[in-house]
Amino acid sequence: MRTINWDLEKNELVVIDQRLLPARLKYIPLTSSEAVVDAIREMTVRGAPAIGAAAAFGLVLAAQESKGANVDDLLDDLSVAAKRLKSSRPTAVNLAWAVDRLLGIANKKSTQKDVKQICSDLLAEAQKLADEDIEINKRMAKFGATLINDGDTIIHHCNTGALAVVDWGTAIGAIRTAAEQGKHIRVLVDETRPRLQGSRLTAWELEQYGIPYEIITDNMAGYFLSKGLANKVLFGADRIAANGDVANKIGTYMLALAANDNGVPVYTVAPTSSIDLTIERGDLIPIEERDPQEVLDIQIRGKRVVPAKAKARNPAFDVTPNRLITAIVTENGIIESPYNVNLPKYLNAQSISLREE
Ligand code: MRU
């Protein structure tokens, strides 16, 4: 299963429509950069690395749509499209990272460059980025799996599996790799209100991988942790600040607090493209506020439960302070505190000796 695909014959992006899961596995074409912007905003495509890869192909589509007669016109069109793509969701830094990586290719000075050449360079780079994402996930998963023991019960928040990346997964990727190594693992799947990425997507994925799981409501995590019924907490990240504060799906902070209070280790598993050294601390990370209807549209037995005039708040992410994070697992290794010292070292794979099981 690959969440993000480029159809070479039709010259279009094909993605899994995550809004329809688990009822239906449907691939849909995205044929314009604006369609990619909408798909990211509406969470047809979601998960930090997945939206980064989708946005990269969004820029390819923008190049193909451009009516620019010369390179300068094309670069102007790309700059407008890049702004639109980056603004579609503000918290996950992978989005801006991927768009900037492609812009860098387009802007690379070369005398042989013409409009056609830039279009094909952009497509090649987006494909490279997507392929690398899978390889990065597999490397990260191997590091993550060293932290998982036979018999573990892990609380997992949101969806960090194949659907959230191009393929394999980050935190769920580590759990998959550990399961493949023969470790018996149980996952307590936070349902992850309000969009239910846990009970809809993570549960659906774990079922396919044959990994035992049970869904819990988000407010049950403290109970399981305090009773000793879960011994590890794993989740992904949308942006990691220079000091190791982690922005991730709303509810992560409460989960990490409860885990720390009960001496349970907390691991965030994320590619180095989620690390943003330009942001000093977590409270400076922009937090997306989504439509309150996502909170209000809850139904029980087919009936809406909240009063007709009810109002709601809907921040999509929260920030877990570095003191609550036991380690950050990346494709370059497992990073421990002091994060402000260690994160820069691990950003550059050449500067460290990679340790792998
Ligand atoms: O709003 P979403 O579903 O895009 O949020 C996703 C998350 O918070 C994930 O945990 C995060 O992107 C890591 S995905 C590997």
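Read the numbers this way: they start at 1 and go in the same order the structure lists the ligands and their atoms.
A donor-acceptor contact closer than 3.5 angstrom is absent between the side chains of N314 and E289. Using modelled atom types and a 3.5 Å distance limit, the side chains of R200 and N159 yield no donor-acceptor pair. Q18 and R46 share a donor-acceptor pair across their side chains, judged by distance under 3.5 Å alone.
Other residues, nucleotides and ligands place no more than 12 heavy atoms under 6.0 Å from the CD1 atom of I300.
Contacts between A48 and ligand 1 below 4.0 angstrom, taking non-hydrogen atoms only, involve backbone and side chain alike. With a heavy-atom cut-off of 4.0 Å, H157 does not touch ligand 1 at all. When heavy-atom distances to ligand 1 are checked against a 4.0 Å cut-off, R195 has no atom that comes that close, whether in backbone or side chain. Of all the heavy atoms of Q197, the ones lying under 4.0 Å from any atom of ligand 1 belong exclusively to the side chain. At a heavy-atom cutoff of 4.0 Å, ligand 1 is contacted by the side chain of F317 but not by its backbone.
Heavy atoms only, all atoms of each residue included: P271 and I136 are closest at CB-CG2, 3.9 Å. Nearest heavy-atom pair across A35 and L30 is O-CD2, 4.0 Å. Smallest separation of non-hydrogen atoms from R193 and D218: N-OD2, 2.9 Å.
For a threshold of 3.5 Å applied to N or O pairs, the pair formed by G47 and ligand 1 contains at least one separation below that value. Taking distance alone, with nitrogen or oxygen atoms compared against 3.5 Å, T160 stays at or beyond that limit from ligand 1.
Within ligand 1, the atoms closer than 4.0 Å to a non-hydrogen atom of P49 are 14 (S), 15 (C), numbered from 1 in the order shown. Proximity to K249 (heavy-atom distance under 4.0 Å) selects the following atoms of ligand 1: 1 (O), 2 (P), 5 (O), 8 (O). Close approach of ligand 1 to A164 is summarised as follows: ligand atoms under 4.0 Å from at least one heavy atom of the residue are 14 (S), 15 (C).
In terms of protein heavy-atom proximity, atom 8 (O) of ligand 1 is nearest to D238 OD1, 2.7 Å. Protein heavy atom closest to atom 10 (O) of ligand 1, with residue, atom name and distance, is N248 OD1, 2.8 Å.
Closest heavy-atom approach to atom 2 (P) of ligand 1 within the set Q18, H156, R89, R239: this belongs to R89. Of the candidates R290, M140, R46, it is R46 that places a heavy atom closest to atom 6 (C) of ligand 1. The option from I172, T170, N94, T192 that lies nearest to atom 15 (C) of ligand 1, judged by heavy atoms, is T170.
Contact between A237 and ligand 1 is present, with at least one heavy atom of the residue lying under 4.0 Å from the ligand.
One finds a salt bridge joining R186 and E214 here, because a Lys/Arg side-chain nitrogen approaches an Asp/Glu carboxylate oxygen to under 4.0 Å.
Looking only at side-chain heavy atoms (C-beta outward), Q197 and T202 stay at 4.5 Å or farther from each other.
One hydrophobic cluster, built from ILVMFWY side chains closer than 4.5 Å, cannot hold both I334 and L324; they sit in different ones.
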